[in-house]
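Keep in mind that this is a model prediction, so the values were computed, not measured. Note that ligands are numbered from 1 as they come in the structure, with each ligand's atoms numbered from 1 the same way.
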Amino acid sequence: MTAHRAAYLSAPVNALLDGLYEGTATVADILAEGDLGLGTFEDLDGEMIVLDGRAWQVDNTGTAREVDGTARTPFACVAPFRAETVDEVPPGTGIEEAIGSLIPSPNMLYAIRIEGCFEGLRVRSVPRQEAYTPLVEVAKRQATFDFPETEGTLCGFWTPAFLGNVAVPGCHLHFLDTARQRGGHLLSGRITSGRIALMHLPRLNMALPMTLDFLTARLGRDAEAEMNVIEKDR
Ligand SMILES: [Zn+2]
């Protein structure tokens with residue numbers, strides 16, 4: 001039934017670009033909509049990784065800890081993940097390149113889970129922020145972490161470019177290592193061995209926050225240009 005085959009967004013990402021970091025949903029709300037995904041936390045307090053129905057917070061030292069259902073988020077995206085295809089790629093393949101080679105169409109949403117060993121992995125996390133600091137400013141203060149060799153899980157989404165105001169376009173993946181102790185938002189890396197599981201998502205459910213900040217925000221930023229600064233390796 002396709003009703004279950006949907007991505008869930010707790011808010012459009014352009015609200016985050018505008019510095020709206022107030023939590024508008026709880027982790028419990030998010031986990032009710034899906035068991036795999038990513039996001040951030042209230043006050044932009046680190047990176048969220050959702051895996052197997054549990055949620056972790058990666059702080060700005062790159063340390064991961066599991067959070068309970070009461071933690072709040074201004075932006076998260078999850079899906080009820082069921083792998084439809086599982087593929088291996090040649091050792092040394094770039095992560096984005098590997099996904100690009102496996103998705104049948106760039107115009108569909110896909111949930112992605114990669115279990116494996118990685119090299120040259122670079123991830124980042126963000127420090128807690130005052131509200132209304134535009135995300136593009138915050139990104140200048142992000143902490144990056146390099147893992148020459150590591151093992152763990154990447155999870156997230158491929159989002160069509162035309163959804164760039166509501167979700168991060170292209171590949172958006174968060175990493176959690178096997179020990180569940182380190183992680184972050186993926187900037188770059190290669191797969192040395194592993195399996196890429198994909199699920200296509202022909203529907204998108206999105207909540208629109210009923211907060212004064214959201215209802216009165218002027219959401220006219222150039223989301224695509226700012227995303228390229230914030231979410232990609234430079
Ligand atoms: Zn991210």
- Message: Can you see whether F145 has R122 sitting over its ring - NZ or CZ less than 6.0 Å from the centre and within 45° of the normal?
- Response: no

- Query: Y110, L173: one ILVMFWY side-chain cluster at the under-4.5 Å cut-off?
  - Reply: yes

- Provide the full list of ring-ring contact (aromatic ring centres under 6.0 Å, His included) pairs with a residue in residues 118-144, sequence neighbours left out, each pair given once. F118-F175

- Item | Stacked cation flag R65 on W56, 6.0 angstrom / 45 deg | no

Show me the side-chain donor-acceptor pairs of residues 89-96 shorter than 3.5 Å, one per line, residues at least two apart or across chains.
from	atom 1	to	atom 2	distance (Å)
T93	OG1	P90	O	2.4

- Which pairs with one or both residues in residues 73-87 pass side-chain hydrogen bond (donor to acceptor under 3.5 Å, both in side chains), sequence neighbours excluded? R5-E84, D35-R82, E84-H200

- Task: Quick one: give me the number of protein N/O/S atoms under 2.8 Å from the Zn ion (ligand 1).
- Result: 3

